[in-house]
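Here's the structure, in structure tokens; my notes come after.
Model, not experiment: these values are computed from the prediction. Below, each value reflects all heavy atoms present in this structure, side chains not excepted, and no hydrogens, waters or symmetry copies.
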Amino acid sequence: MKTNKHIIYQTFPRLFGNYNENLVKNGGMEENGCGKFNSYTTKALESIGELGITHIWYTGIIAHSTCTDYTAYGIPKDHHAIVKGKAGSPYAIKDYYDVDPDLAEDVPNRMNEFKELIKRTHDAGMKVIIDFVANHVARSYHSLMKPAYIDDLGQHDRMELAFSNTNNFYYIPGHSLELHFGAQEEDFEYSEFPAKVTGNDCFSATPGKDDWYETIKLNYGINYMNGGSKHFSPIPDTWHKMLDILLFWVGNDVDGFRCDMAEMVPVEFWDWAIPRVKSRKNVMFIAEVYNPELYYTYIKTGKFDYLYDKVGMYDTLRKIIRREAPATDTTACWQAIEHVKEHMLFFIENHDEQRIASDFFAGNAQAGIPGLTLIALLDVNPVMIYNGQELGEKGMDDEGFSGVDGKTSIFDYRSMKSVRDWANNGLFDGGKLSDEQRQLRESYKKILTTVRNEKALSHGHFYGLAYCNKDNPHFPSEHVSAYLRKYENELILVLINFDNKAHSFRVNIPENAFDILNIPDNTASKALELLSGEESLCALTHTCPYTESLPAYSAKILKFSY
């Protein structure tokens, strides 16, 4: 069935295909290993696709700074002082026109290996998303692989000027960059004169260790030294260069871009660039925007298809799962984004956040099932899961640059035990998973494929039941959520228990719901529970609450046909 419901699977190739379990803290690639493009075999992609996935976001594809030495292949070595971790940050891009050599079996053939991965992904029925890091680049940025007719970033900059709309970078004239932290593995200090402005808008020649010191900010024509005045006429040189980069990847059959820190780039650029890209191919643009006051602007003016909903739905669900907030708080989340709800990307894990199963979040992967159910079934907007989430990855390793923080490091050469066990040395048969992990993955598969297969969930209308049960003494609204989805003659009642214990309850369904959704009141019908396949005969009516029981950390999806 064709569906507009997008289900995105974020995966980090460096980690995904690495099956080495003998890991050394802060180890290099030779010690700890590294996943490859070729690790995503046809079998692996089919297994991912079984989860109902429509798009795979391959994180860390474009070449970035690293401590691994590729000088034998003509790739300049990066100074360790401006690389975070041995592997380096995938968001410190050193060549927008190249792919990460770490991910290639044959380094000189790395671009072709990525193109083959794109084709395998498409053949498996899924589309490809990559990162577009628009706000900043690595301090060592220099493109070896750009087309000959394109000038490099900064190639013609007037470095004596702090700002010019013909410059690609911002400068701090008369000052050298000073880094007063980190181990110096080379026998010479890193030199940068004049200092360039650091990626997180740090207009200082002495960025701190918590700054994005490994990156430099791109200049889109805003003079921050003069109160943020805008200089967009003529079109800044950076705009043209970044459009060329987007078109390059579209030309290589990429289907979408997750735009890192998009709100740090002026919305005027996106308004100019995205329609030009989409005139070539209707690719998906996802923006990392954290300020809710900017949501409408980046969707309507910036032309983005989707935005992260981190500070709304994610933060709220995290509190609910951790029993720090009542389940009813989700109502305020969807009401706050009512005007843009179809454009919000929901998630409860990604590379920036702590793993649900970690000691820092819930300490129990099963606790994520209610949250996944809610965000996947709530509306027609997309939902995303992070590689390993469906397997209960804990993220509790002491990796090196990243310590024990409940996250999966993006800076270190590592592997994930849960993914190693699922992959089973490339067989992707889940042969080493525990029974609990198998059950968890099956739950993810059932929930996500149900969303795609049921039109009431992928296309239907939403009706929340929280407000009409707030005074219901038989409905534990602190722990339980309930809502309706409706499409044509099909109605789905979604019931979710966020608590770590079972609850029996009664749900009031108001007369207004029957009128608005145009469904019969008090008509006997078969109810099919879509997760278990169990059938029962019952009726929904405003005159009598619907009675149900839910085990801990669980949900029921009841389908009624009229």
Between D100 and I61, is there a donor-acceptor pair closer than 3.5 Å when you use the side chain of the first and the backbone of the second?
no

Do F132 and I93 make a side-chain contact, defined as non-hydrogen atoms from C-beta onward lying under 4.5 Å apart?
no

Evaluate the ring planes of F257 and F285, with Trp represented by its six-membered ring, and classify them as parallel (under 30°), tilted (30 to 60°) or perpendicular (over 60°).
tilted

Centre of F361's six-membered ring, under 6.0 Å away, within 45 degrees of the axis: is that where NZ or CZ of R318 sits?
yes

Using 0.5 Å steps for rounding, measure from the CG atom of D123 to the CG atom of L45.
9.5 Å

Are side-chain N/O atoms of N167 and N219 paired as donor and acceptor at under 3.5 Å?
no

Suppose we call two aromatic rings close when their centres sit under 6.0 Å apart. Are Y386 and F347 close by that rule?
no

Answer yes if the ring centres of W57 and Y9 are under 6.0 angstrom apart, and no otherwise.
no

Before we go on, tell me: are the rings of H343 and Y295 under 6.0 Å apart, centre to centre?
no

More than 12 foreign heavy atoms under 6.0 Å from NZ of K417: is that the case here?
no

Under a 3.5 Å threshold, yes or no: a donor from one side chain and an acceptor from the other, between S164 and R158?
no

NZ/NE/NH1/NH2 to OD/OE distance under 4.0 Å, R110 and D98:
yes

Determine, step by step, whether Y298 and Y290 satisfy the ring pair (Phe, Tyr, Trp, His ring centres under 6.0 Å) criterion, reporting the C-alpha distance in whole Å, the side-chain angles of both residues, the deciding distance to 0.1 Å, and the verdict.
CA-CA 11 Å; Y298 274 79; Y290 293 121; over 10 Å; no

Smallest heavy-atom separation, A81 atom then L179 atom, equals O-CD1, 3.8 Å

Identify whether NZ of Lys or CZ of Arg in K84 sits under 6.0 Å from the centre of the six-membered ring of Y213 and within 45° of that ring's axis.
yes

Would you confirm whether D309, through its side chain, and L345, through its main-chain N or O, come within 3.5 Å as a donor-acceptor pair?
no

Quick one: does any side-chain atom of N135 pair with a main-chain N or O of M261 as donor and acceptor, under 3.5 Å?
no

If you measure from the Lys or Arg side-chain nitrogens to the Asp or Glu carboxylate oxygens, is any gap between K407 and E353 under 4.0 Å?
no

Would Y224 and F163 count as a close aromatic pair, with their ring centres under 6.0 Å?
no

Would you call the rings of Y73 and Y70 parallel, tilted or perpendicular if under 30° counts as parallel and over 60° as perpendicular?
tilted

Whether H136 and W212 hold their rings parallel, tilted or perpendicular, with breakpoints at 30° and 60°
tilted

Paired with Y58, the ring-ring contact (aromatic ring centres under 6.0 Å, His included) test is passed by just one of F12, Y40, W249, namely Y40

Once the angle between the rings of F232 and W239 is folded into 0 to 90°, is it parallel (under 30°), tilted (30 to 60°) or perpendicular (over 60°)?
tilted

Using a strict 4.0 Å threshold on nitrogen-to-oxygen distance, state whether E192 and R139 make a salt bridge.
yes

Evaluate the side-chain proximity of F401 to S409: yes if any heavy-atom separation is below 4.5 Å, no if none is.
no

If we check side-chain hydrogen bond (donor to acceptor under 3.5 Å, both in side chains) with S140, which of these qualifies: D95, T66, D78?
D78

When the aromatic ring centroids of Y91 and H351 are compared, is their separation below 6.0 Å?
yes

Evaluate the criterion side chain to side chain donor-acceptor pair (under 3.5 Å) for residue pair D244 and Y96; output intermediate values, then yes/no.
CA-CA 10 Å; D244 286 338; Y96 277 119; over 6 Å; no

